[in-house]
Chemist: 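I'd like to ask some things about the structure below.
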Amino acid sequence: MSSTLSDFERIKAISRQLRGTLAEGLRDPITNAISDDDNKLLKFHGSYQQDDRDLREERRRQKLEPAYAFMLRARLPSGVVTPAQWLVFDRLAREYANGTLRITTRQTFQWHGIIKRKLKPTIAAIHGALATTIAACGDVVRNVVSTANPVESEAHAQAYAWATQLSEELSPRTLAYHEIWLDGEPLVGEPKDEEPLYGATYLPRKFKIGLAIPPLNDVDVFSQDLGLIAIIEQGTLAGFNVAIGGGMGATHGDPSTYPRLASVIGFVVPEQLLAVAEAVVTVQRDWGNRSERKHARLKYTIDHRGLDVFKEEVERRTGFSLQPARDYHFDHNGDRYGWIEGADGRWHLTLQIESGRLADVGDHRGLTGLRELAKVHDGDFRLTCNQNVIIANVAAAQRERIDAIVAAHGLDRYRRDSGIRRHAVACVALPTCGLAMAESERYLPHILVRLEALLESHGLKDAPILLRLSGCPNGCSRPYLGEIALVGRGPGRYDLRLGADFRGQRLNRPFRENVDEEAILGALAPLFARYAAEREAGEHFGDFLHRVGVLVNETRHIDLEMLA
Amino acid sequence: MTTLDGQKYGRPKEGDVNALVATENQLPSQVHGERLSALERLVDDLGPADLYWIAAWSAARAERLQRGEAVATSAKVAGERLTILYGSQTGQARRVASQLSTNAENAGLSVRLVRADAYPQRELSRETHLLVVMSTQGDAEPPDDARGLVEFLLGKRAPKLPGLRYAVLGLGDSSYPDFCAIGRQLDARLAELGGTRFAPLGEADVDVDAVAAPWTVHALEQAKQVLGTASPTRVTTLQSVPSRAVHSRERPFAAPVLDNQSIVARDAGRDVRHVELSLEGSGLSYQPGDALGLWPRNPVALVEQWLAVLRLDGEQVVNHDGRSLSLRHWLAEERELTRLSRPLIAALADVSGDDDLKRLLRSDQSPALAALLADHQPIDLWRRHPGVWGAEELVAALRPLTPRLYSIASSQKAVGDEVHLAVAVVDYVAHGERHWGAASSFAARAGDDQRLPIYIEPNERFRLPQDHARDIIMIGPGTGVAPFRAFVQERREIAARGRNWLFFGNRQFTSEFLYQVEWQAALRDGSLHKLDLAFSRDGDAKVYVQHRMREQGRELYAWLDEGAHLYVCGDASRMAKDVHATLIDIAVAHGGKTPERAKQWLSDLLQQGRYARDVY
């Protein structure tokens, strides 16, 4: 390991708490881009500079710079959006972005295609809607996610409140955001003590926190740097099991990088939650690798230092010991489509949104449909980590009206769709994502049709199978937790990975590397045939592949004895 | 000392000039006859600065001869230098190349490290020692920053490289079928162009350093040996100077099309083409500011529309001016079809007996006539009067087709035997029908294998200052920016000390910022000092170049006051007038002049040639 700091660390260190030359770069009229260094800082403000990669080569020939535009991501703790906010976000999508809203796998919205001079008014409008984009990206604690429908009981509501408080406590404190985007008074000289938690250089890498409320693991709690499993006993929130060191990202061809499931290290009562979270964050801040960004996530810190050593340091900093982890059980990590009644008699409708993309295309007018819903809905909306949306807190009398709007805009496909389609997740990838090596979101509709045909030929149309598509190995769609996953290697070529479980507790493994569509379908066809013929009642596809020996048992998985 | 490639320019000291003048009457006996006329041709169109430079160069040479020193027959160019060229997508190739560069420097070599898209392609032919580090993306794609260079190297315009010694390190991912394809192609192509390898091709896989590290060591050892031994002296022979150009307006040169590329985005709504033509072998040369004359051919579709609307047979032979050609030929190549003229309207009024037209032609009807002339092409009138013309009458009534002039968008110092144009393609719908411009649509559809009949139209009134230390201000919205591309290229090549300030405008930033990446690069490399932009359809208010000039009025006036030259190119009907009026306002606001004096000041600038316009 080299001991020199990565360039990113230099940029953070001299950025004056994320200011850099962002304000100047935004004013530069010669280009729709900003400087490379400022781009790295911009992430902390919730935005990435991207370009339309479909046009990149064409524009190079045209002697035009790439079609630069910005992706902007909101920070919406637990994915809660009020109808008033929704209407603002929807307007921004149509006025400043590419006419779509994208629900991400971290329970928030992304806007794509915002050109530079529209970035500031967009962020200002989000702020005006009492939301923010700060720390939606960057080397900080990102949007805190939690089980999307925590309104079914009093204990759920408490758990959700803790998630929100975590998000607040761990937010950056820099005033740079106000200065740059909200016409705050510019700082003169060097900032003083703006970041008591993060310091001048923030974290070595992004840091994700997720809170799951069993039996739902819709947040994929073991994919989080810090995963919290709410323990509810006799209808009361007893506390949280603490899991650390989960993460999805890897690099093709580099075995020193890998996805890792979080390790459960103990249990804390609610009052200890903030202290333990802050300790995990600060130990990672101090111990994490700042030389090699691809080894900077918490999972590598833990594997390099040792889980026990890390846990001891956390306990030393908090001044208390973690209790032994308590029993929990997850049923699955998907969403429950359709209407569900909450404990208080209010209703919640989960709608399936393919790849989380709300747009108006043909009969599927998701963007307009949700706007119409926001106009009449008096509860709120919940975005899910599976890229779906919940119309939450609906009075029984309103259900019919909601259903009518849903049907009128083609949003009721969840009623009819195949099992695999209802469990498909895809990252954005081309044309906007700079990391994508292959198509993902745009490929999903095509590959789904072919997979459905294949499954149907084996009578498996309704079999719920987790499909996850990713344009690169970095893992936004949590591909390593898919029963079937395609991870992009190059145009039209993917690694086919198989055999995660249905609960987010076992990683999948490579089955075929760098193959095209025909090879993917060719590899799956005999497995589907066997699954149809030999599966046991209720047995999921990933579990089946392990039982019959198609895949040998994974070494990394969450201990099964933890299952109650 | 000064060198032949003109890096240092300037007047010699006073004493040197006097010494030269003194010797003028006793010319050395060997300069006469053919040598003298060759010399005269060489200096034929040079201005004072160039002539002084030659004088200084000769004097320095004479002095050394008198001292008995050997005079090198050529300037040493990049001969002793190692160029390390890289193309990188993920930064790996860049990292390897910059390590290579550091090692080479530590080994005492003179090194230049340059990214492929920053590499001036025309320097390639002068390169003697080259190391290339280049990755391959996906299925045999070059990295984005090297696409242009790879395309150039693999293409038909790549120069022969007999003097080149090189080595290539390819980076790739062996999980793809075409591993290190770009590295392999470049390695083979450089050999094909005449280069000599001094180290075999390296092919690094995902674990880059396993191959890159030993390759680097080996390549540097070889480079040291090659560069350490006396490298062959490059001899620059003077090119023979062509006598008067054999091609002219009347005898146009059929110039091969090298490139014909749209330079606006697909959603721009109208097309602008960047056209590159070869002048090789034509004997033609040009100066920045000159125009290119293009003899158009009318669009085939337009000729067919004419024949259909006029109900005439294209095969019919028409005798006119002692020539017998088919009507189709007359219309396609000999007659003006896209410009309406008053005489043509008069002729139509005669053959059709249209009283409205006759009334329109009376002098008191001029606004209506002007409107007709402005908005219509002949075909629009034929549609109202179909079938009134006989073939012979028609050919006689039409004006001969004339060449169109385009401001040249290149400097020969930068592009050699090429000439570049920026052509706004006239192609629009009016009166319910599609309309074309003759020359622009001719140029727009000219393919790679085609030749365009062209000549050079000098424009002595639109010249860069003789004094290279002068600042220049260039105002060129739309394709009016073309000559300023030539100006900036020229001033970069001659390393002019004066500053360059460009005002550019168009409708939309994202789709119509002509030559955007070139201006950005020019700002970075210091060959453009200021760039102000006005895009009329990006905001709520329409912003034009004159608004930007007004905003910058104080500084603009200061530049002019310090002797800057000002150039305007583009639309004459509105832009040039608005710019002119704005300049007067600026002189009033920032020069303390009365409006009258400001007008006088501006016309003085015009008189002095410090305010030049190329408007149309």
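What you see below is based on every heavy atom in this structure, not just the backbone, and it leaves out hydrogens, waters and symmetry mates. Protein chains get the first letters and strands the later ones, always in sequence-line order, with residue 1 at the start of each.
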Chemist: Relative to chain A, which of L531(B), L533(B), V264(B) shows the most heavy atom pairs under 4.5 Å?
Modeler: V264(B)
Chemist: Kindly compute the distance separating CG (D54(A)) from CZ (R266(B)), expressed to the nearest 0.5 Å.
Modeler: 7.5 Å
Chemist: Report yes if the side chains of Q62(A) and V517(B) come closer than 4.5 Å at any heavy-atom pair, otherwise no.
Modeler: no
Chemist: Checking heavy atoms, do the side chain of D532(B), its backbone, both or neither come under 4.5 Å from chain A?
Modeler: neither
Chemist: Highest number of heavy-atom pairs under 4.5 Å with chain B: which of P66(A), A438(A), G492(A), P29(A)?
Modeler: P29(A)
Chemist: Go through the atoms of F504(B) and report whether side chain, backbone, both or neither lie under 4.5 Å from a heavy atom of chain A.
Modeler: neither
Chemist: Distance from L64(A) atom CG to T510(B) atom OG1, nearest 0.5 Å?
Modeler: 9.0 Å
Chemist: At a heavy-atom separation under 4.5 Å, does R60(A) approach chain B through its side chain, its backbone, both, or neither?
Modeler: side chain
Chemist: Taking side chain as C-beta onward, heavy atoms only, is K63(A) less than 4.5 Å from Q516(B)?
Modeler: no
Chemist: Does W519(B) reach the side chain of I30(A), with side-chain heavy atoms less than 4.5 Å apart?
Modeler: no
Chemist: Would E151(B) and R61(A) count as a side-chain contact (heavy atoms from CB on, under 4.5 Å) if you check the C-alpha gap in whole Å, the side-chain angles of each, and the deciding distance to 0.1 Å?
Modeler: CA-CA 11 Å; E151(B) 193 177 273; R61(A) 292 173 178 278; 2.8 Å; yes
Chemist: Say you draw a straight line from CZ of F509(B) to OG1 of T31(A); how long is it, rounded to the nearest 0.5 Å?
Modeler: 5.5 Å
Chemist: Does any heavy atom of chain B fall under 4.5 Å from the side chain of E57(A), the backbone, both, or neither of them?
Modeler: side chain
